[in-house]
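Source: prediction; values computed, not measured. Read the numbers this way: they start at 1 and go in the same order the structure lists the ligands and their atoms.
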Amino acid sequence: MQRAIFCDFDGTITEAEVFVALMRHFAPEAAARVLPEIYAQRLTLRDGLPQVLGTIPSRCWPDLEAFVRDTVLRPGLAGLLAQAKKADTPFIVVTGGFTRMAEIVLAPYRQEIYAIHGLEADTTGACLRVFSPWQDDHELVAKAAVVAHYHPEDAVCIGDSITDLRVARQCPLVCARDRLAEYLRAEGRDFVHFDDFTEVSAALAQRGWWREPAHAR
Ligand SMILES: [Mg+2]
């Protein structure tokens, strides 16, 4: 793969943090106990998230799906996806939340998205059991492992939080907002700040990403 765009879902494609809201809604006690430990980095995402999600009864799964249906998307996504498709550049969504939720929210754009990778849920038991093909020692969805899987020659990653930091450190070009921007600024790393996807699209245009299809080069 020559070029690829790796984009976070929660707080990046969506305006709000849907996954955290979902945990607080369906597992309020476990979320109140465990999430602060994760934020304080006393507990890894890999160990902490199953402690929260594992308290949600499997029969609630349809309610979880309903919970995300009206999620508001950040402006400019359709334009960026159209540009990427025209330039034959894969747009890959990497979410630390459920793959299924991103699939639901992004259904109208699914034709323009190359792949969606995230957390899977097994609903055959009494409570949810979560897993991911991308887990490592620290994270259930190690985003750097997804990028390594595709090993593109050139890549941009787009994100907003600490779960995007490891992959941002390795990516040739980073578009960041919110806490990810603060972490990168503190580390003295270059990045493109964005509030909506038209800025991402413009930054890629400036770097020649839309100039010609990758297969023509
Ligand atoms: Mg995020």
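For the Mg ion (ligand 1), the nearest N, O or S atom contributed by Asp8 is named OD2. The closest approach of Asp160 to the Mg ion (ligand 1), by N/O/S atoms, is made by OD1.
Asp160 places no side-chain N or O within 3.5 Å of a backbone atom of Arg177 that could act as its donor or acceptor partner. Between the side chain of Arg189 and the main chain of Leu184, no donor-acceptor pair closer than 3.5 Å is present.
Between Asp136 and Arg166 a salt bridge is recorded (basic side-chain N to carboxylate O distance below 4.0 Å).
Residue Asp164: no N/O/S atom is found under 2.8 Å from the Mg ion (ligand 1). For the Mg ion (ligand 1), the N/O/S atoms of Asp10 include one lying under 2.8 Å.
The distance between the ring centers of Tyr109 and Phe91 does not fall below 6.0 angstrom.
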